[in-house]
Participant: 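Dumping the structure here so I can ask a few things about it.
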Amino acid sequence: MSSSPLASATSGKRVLSGPAIAGLALAALLAVALPAFTTGYVIYIANLLLVFVVLCLGLHVVIGENGQFSMAHAAFYGIGIYASALANRAVDLPYPFAMLFGALVAGIVGLFIGALALRMRDIYLALATFAFGEAMQWVFANWDSVTNGPNGLRISPARFGPLEILSDKQAYPFVLFFCLLMIGVTVAISRSRLGRSFRAVRESEVAAMAMGIDVRRTRVVAFGLSAAIAGFAGGMFGLFQTFIHPDSLGFQTTILVLTMVVVGGLGSIAGAIGGAIVFGLISEVLRQAPQYQEIIYGGILILFMMYAPRGLFVFIGDRIREVRHGR
Amino acid sequence: MAGETAAPFLDVVGLTIRFGGLTAVGGLDMEVAKGSIHALIGPNGAGKSTTFNCISRFYTPSEGRITYDGRDITRMPAREMAGLGIARSFQNLELFAELTVFENVLIGAHVHAGRSWRDAISARPRGIVEHVEHLLERTGLSAYAQTKARNLDFGHQKMVEIARALAIRPRLLLLDEPAAGLRNREIAALDRLLCELRERDGITILLVEHVMQLVMSISDRITVLSFGTKIAEGTAAEVRAHPAVIEAYLGRETTQETPHG
């Protein structure tokens with residue numbers, strides 16, 4: 001019960017709101033219990049959704065926190081997948097090292113793209129990152145000696161010491177663990193001095209500068225971190241997948257992730273997570289009707305943009321408030 | 001009072017700013033004494049804001065030198081000003097609109113929040129949160145700490161600009177038209193706050209302002225610009241009586257004789 005009516009009407013939106021935390025807790029409980037009562041296919045979908053959650057967290061850092069467009073996240077994700085798969089094959093170390101290597105390579109590439117982004121913004125930045133994404137897909141498909149080109153690359157099983165992961169069910173606890181870890185990392189970044197400087201730059205570059213924030217460095221770092229998280233998602237993919245093909249790393253994937261982040265609620269971590277799960281499920285369900293997939297997906301997207309433009313979570317929150325106030 | 005021989009806290013020498021062929025400010029000399037409130041006034045287009053933006057390093061002068069506390073800052077980047085203890089506000093509000101008032105002011109303390117690794121990763125760095133809360137109290141914003149800046153009324157938004165600038169713990173506070181658009185009650189509160197900052201906190205304040213009620217009441221010294229040059233300087237009483245100032249603001253008597261259409 002806040003003292004000022006104005007304050008109480010508009011306050012309380014920190015990183016995660018109350019209902020969002022409750023929802024996440026419930027989801028987490030279900031997630032942990034999942035393998036006990038489901039089949040392999042459901043577990044496979046769950047693994048994939050968790051990877052998409054992390055990929056969305058990555059995009060959230062650069063778009064949601066820092067306000068910079070990226071249409072290249074399928075490429076960072078792909079770099080993470082290939083780099084961790086190749087590292088896993090090359091050295092005999094536990095799989096997390098391969099994942100870190102994937103995140104590192106993607107992060108370094110992200111820093112370069114971030115430096116490029118200093119020279120442009122908005123639609124120009126969107127186009128430039130789009131071009132980079134297309135170029136990377138071409139690299140994945142044509143750098144035969146490294147990526148095995150259009151035939152795709154076989155990913156050898158992830159190992160944790162003596163334990164070798166051979167099934168989706170086996171991989172699930174690890175995928176869940178790394179997903180929760182990355183949610184924690186993203187929340188920590190968002191709450192830190194660095195996260196505050198990301199948002200300051202998003203809101204007003206001149207004011208950020210007057211507060212002593214290095215705007216250029218902040219924008220490059222946001223891109224690098226965002227790409228590293230996407231690369232980590234790529235490493236997570238290798239936990240349960242045995243094969244990667246360049247076709248799945250194109251513009252469609254970028255658009256899917258962008259949709260998840262925007263529809264979930266731009267600028268909120270809970271929104272990015274919720275968007276990844278809801279739209280991941282929708283796109284998976286629609287796979288059952290491939291001939292109508294695109295049109296149904298597009299229709300749903302238009303409806304969301306019309307009736308819930310500020311994101312799924314804000315929309316649900318508003319409805320709950322309306323019900324509470326008896327309207 | 002101000003008879004010390006010490007170098008001025010802020011010293012502007014021969015400041016000239018040209019935009020293409022236009023000279024916005026030509027050869028301005030201005031000294032701001034430590035611990036004073038110094039106002040920069042003049043009719044619209046006199047070059048006040050241009051001068052202000054040069055001192056806060058958002059513009060770079062074509063000629064001249066700006067010295068702050070014995071250090072030449074003429075060519076330093078704007079983002080290094082906060083670290084030197086120079087804070088500024090913005091005429092047209094540059095708030096972090098989607099963030100809360102608390103977060104706006106907390107970001108003002110950016111240069112102080114990274115002293116240790118623990119502070120840098122903390123959402124509520126020790127010592128700094130207390131200072132932010134203290135500043136919110138002094139600027140009358142405590143009740144709005146968790147309100148998004150964009151949801152505040154204009155008067156409170158202007159106060160957030162000042163609170164955020166104060167979070168830098170400035171020694172020199174640059175205010176660009178802080179009273180513009182405020183109601184009388186709000187101007188009175190601003191008047192009190194600025195005097196308190198000078199007396200209790202020892203902050204030197206340079207303000208560009210059109211609201212004469214505020215300028216005449218709080219300024220130790222006033223510099224008057226017209227068409228990019230200094231036409232008068234002195235205390236409120238001296239400036240008010242200066243013929244060139246009267247002419248710049250009211251026009252020469254002969255101009256009243258010019259025929260009208």
Side-chain angles (χ1 to χ4, degrees), chain A residues 1-18 63-67 184-219 221 225 265-269 271 310-311 314, chain B residues 53 56-58 77-84 86-90 92-115 117 119-125 128 141-153 156 161 164-165 167-168 174:
Chain A
M1 304 306 114
S2 184
S3 53
S4 154
L6 180 60
S8 68
T10 53
S11 71
K13 278 280 286 186
R14 294 197 60 80
V15 177
L16 293 173
S17 59
I63 293 191
E65 299 274 332
N66 197 223
V185 166
T186 310
V187 170
I189 291 171
S190 170
R191 290 162 54 96
S192 73
R193 179 174 182 259
L194 182 65
R196 289 194 296 274
S197 68
F198 285 166
R199 291 189 291 282
V201 168
R202 179 190 75 195
E203 295 291 320
S204 166
E205 290 194 9
V206 288
M209 210 192 297
M211 304 304 131
I213 293 168
D214 187 334
V215 173
R216 294 167 60 87
R217 196 177 66 188
T218 303
R219 293 183 67 192
V221 167
L225 262 178
L266 203 53
S268 113
I269 292 178
R310 293 176 58 213
V314 174
Chain B
N53 280 323
S56 59
R57 299 298 311 107
F58 278 69
R79 72 175 141 77
E80 287 183 18
M81 295 300 104
L84 292 178
I86 301 178
R88 69 162 290 176
S89 72
F90 292 87
N92 299 317
L93 295 179
E94 282 288 347
L95 292 175
F96 305 128
E98 291 294 323
L99 308 183
T100 64
V101 170
F102 180 86
E103 214 175 0
N104 267 272
V105 182
L106 183 57
I107 291 170
H110 182 82
V111 289
H112 304 292
R115 290 223 187 81
W117 180 241
D119 281 357
I121 61 169
S122 168
R124 302 174 66 82
I128 289 169
L141 292 167
S142 295
Y144 307 108
Q146 295 305 321
T147 306
K148 276 187 186 178
R150 89 177 145 81
N151 291 333
L152 289 176
D153 64 55
H156 283 110
E161 279 264 346
R164 187 178 65 180
I168 288 175
L174 307 170

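Lettering of chains follows the sequences in order, A, B, ..., and the numbering in each one begins at 1. Just so you know, these numbers come straight off a predicted model, no measurement behind them. Heavy-atom basis, side chains included; hydrogens, waters and symmetry copies ignored.
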Participant: In Å, rounded to the nearest 0.5 Å, how long is the span from CZ of B:R57 to CE of A:M209?
Facilitator: 11.0 Å
Participant: What pairs with A:E205 under side chain to side chain donor-acceptor pair (under 3.5 Å), at least two apart in sequence or on another chain?
Facilitator: A:R121
Participant: Pick from B:S89, B:P77, B:G114: which one has the most heavy-atom pairs with chain A under 4.5 Å?
Facilitator: B:G114
Participant: Which one of A:G195, A:G267, A:S192 has the most heavy-atom pairs closer than 4.5 Å to chain B?
Facilitator: A:S192
Participant: Specify the closest pair of heavy atoms between B:H110 and A:G212, including all atoms of both residues, with the distance to one decimal.
Facilitator: CD2-O, 4.0 Å
Participant: Quick one: does A:M211's side chain get under 4.5 Å of B:I168's, heavy atoms only?
Facilitator: yes
Participant: Pick from A:I189, A:V206, A:V215, A:L194: which one has the most heavy-atom pairs with chain B under 4.5 Å?
Facilitator: A:V206
Participant: Considering non-hydrogen atoms only, spot the tightest contact between A:A207 and B:F96 and give its length.
Facilitator: CB-CE2, 3.7 Å
Participant: Quick test of your reading of the model: are A:R202 and B:E98 salt-bridged, counting only N-O distances below 4.0 Å?
Facilitator: no
Participant: Which one wins on heavy-atom pair count under 4.5 Å against chain A: B:S122, B:G83, B:P125, B:A109?
Facilitator: B:S122
Participant: Please report the shortest heavy-atom distance between B:A123 and A:R196, naming the atom on each side.
Facilitator: O-NH1, 3.6 Å
Participant: Closer than 3.5 angstrom, by distance alone: can the side chain of A:R191 be matched with the main-chain N or O of B:I121 as a donor-acceptor pair?
Facilitator: no
Participant: Knowing that exactly one of B:I107, B:L95, B:L99 qualifies, which makes a side-chain contact (heavy atoms from CB on, under 4.5 Å) with A:E203?
Facilitator: B:L99
Participant: Let's test your reading of the structure: which of B:A149, B:A87, B:A82 forms the most heavy-atom pairs below 4.5 Å with chain A?
Facilitator: B:A82
